[in-house]
Amino acid sequence: MIRVTAKAHPNIAFIKYWGKIQNDPSRVNWALNPSLSMTLKNAQTLTSIEASSNEFEFFLNGSKGLEDDSLKVRDHLKKVFMALQSKVPLHNIRVSSQNNFPTSAGIASSASGFCALTLVGIAWALEGQKFAMEWIAQNPRRFSEMCRWGSGSACRSTDGPFMFWENEAATKLNIDFQLFDTIVIFSKESKLTSSRMGHIAANESPLLAQRLKLLPERTKLMKTALQKSQRDPAQFLEFGKLLEEEALEMHQVSRATKVEYWMPATKIFIEALQQRDARNFFFTIDAGPNVHLISTKPILLEVSEILNGLNLDYEIWEDQCGEGPQFVIG
Ligand code: DP6
């Protein structure tokens, strides 16, 4: 093989993965609770592996990747090759990864990044895209599990539009419903506390035990509301209520460990939304200051009006639900 390229999409968590099992090498990035997500469509990471005459190299968005990132990528590929009992060498390959959305803009680039990397890694290990597709069709949960080794949330980018992750891997939910994600970006800077560190802190949060007790019921209710939303608009309102409750709780758990992801603009915007009674879109926030608004229709104009009225600086990324990763010619 000379070169293989794949694209994968990030996902937005409706029920959050926040806190993971620590210090157990057999359960790396293993969430303390099941989570539910929507895979995006427009945002994507394009990753390729190609033969190179140099040592192992990693390029991110056109520049040589940081040493730390390069080691993570190499280590991940090594695990994938070993899991497939492949003898292909790790040296003399170049991995290049490109995001079409601002990295660190509250869109999880690690999810799409590790999902695309795992897919090209499988093709490289099995020496053919066709073999990789066949293997994945036979082992979808194992594919998701392998993505998880790189980053927990990556295991939910292996399919779409809606995914449920429990224990080692994620599976597609049988829900056929179109949703939009309008992402309000208040900052494109890397967050001060990475989600990796946030998970470690969350494990120590005094609010975590209570959260873990409440989550099974909220997760069940949300799944049901989402399933029924297509036929019954009242169910989408119920879904929205649970979505916001969940996001606020995750950030409270975090705050209780002195990890704050919100910016003043995030707070101003969320408070303004909470004061509006009749809303047909609902917010959620991952580990960052940017806000995802989930709706059944495009809402760009409405949202811009609210933001302009608040005098906030922002950019918007419009997205919607999408599918799992694919090989591309590139
Ligand atoms: C807040 O998957 O980025 O977005 O497994 O350490 O790579 P690692 O963490 P990561 O955590 C995502 C946290 C979250 C919620 C979620 O996506 O479920």
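Every number for a ligand or one of its atoms is a count from 1 in the order of the listing.
Counting only heavy atoms of the protein, atom 3 (O) of ligand 1 lies nearest to S195 OG, 2.9 Å. Among all protein heavy atoms, the one lying closest to atom 17 (O) of ligand 1 is R156 NH2, 2.8 Å. At the shortest separation from atom 2 (O) of ligand 1 among protein heavy atoms lies S153 OG, 2.7 Å. Taking atom 13 (C) of ligand 1 as the reference point, the nearest protein heavy-atom neighbour is Y17 O, 3.6 Å. Residue, atom and distance of the protein heavy atom nearest to atom 6 (O) of ligand 1 are K20 NZ, 2.8 Å. Of the protein's heavy atoms, H199 NE2, 3.2 Å lies nearest to atom 9 (O) of ligand 1. The single protein non-hydrogen atom nearest to atom 7 (O) of ligand 1 is S151 OG, 2.7 Å, given as residue, atom name and distance.
Atom NZ of K79 has more than 12 neighbouring heavy atoms from other residues, nucleotides or ligands inside a 6.0 Å radius. Around CG of N174, the count of heavy atoms belonging to other residues, nucleotides or ligands within 6.0 Å does not exceed 12. Residue E323 qualifies as open at atom CD: its count of foreign heavy atoms under 6.0 Å is 12 or below.
Listed by atom number, the atoms of ligand 1 under 4.0 Å from S110 heavy atoms are 3 (O). Which parts of ligand 1 touch R196 is read off a 4.0 Å heavy-atom cut-off, strictly below it: atoms 6 (O), 7 (O).
The closest donor-acceptor contact from the side chain of R148 to the backbone of V28 lies under 3.5 Å. Counting only distance, with no hydrogens or angles, the side chain of S97 and the backbone of T47 share no donor-acceptor pair below 3.5 Å. No donor-acceptor distance shorter than 3.5 angstrom exists from the side chain of N99 to the backbone of T45, with no hydrogens or angles considered.
Considering backbone and side-chain N/O atoms, G150 never comes within less than 3.5 Å of an N/O atom of ligand 1. Annotation: S35 places no N or O atom under 3.5 Å from an N or O atom of ligand 1; distance criterion only. The shortest N/O to N/O separation between W18 and ligand 1 does not fall below 3.5 Å. Considering backbone and side-chain N/O atoms, K16 never comes within less than 3.5 Å of an N/O atom of ligand 1.
Contact annotation for A13 and ligand 1: only side-chain heavy atoms (C-beta onward) come within less than 4.0 Å of the ligand.
Using cut-offs of 30° and 60° for the angle between ring planes, the H199 and W18 rings count as tilted. Ring pair Y17/W165 is perpendicular by interplanar angle, where above 60° counts as perpendicular and below 30° as parallel.
Proximity annotation for atom 1 (C) of ligand 1: of S254, A287, A31, A287 comes nearest, heavy atoms only.
Cation-pi contact between R142 and W135: absent, since separation from the ring centre below 6.0 Å together with deviation from the ring axis within 45° is not met.
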Give the C-alpha distance, both sets of side-chain angles, the deciding distance and a yes or no for side chain to side chain contact (heavy atoms under 4.5 Å, CB included) between Y314 and N290.
-> CA-CA 9 Å; Y314 65 92; N290 304 317; over 6 Å; no
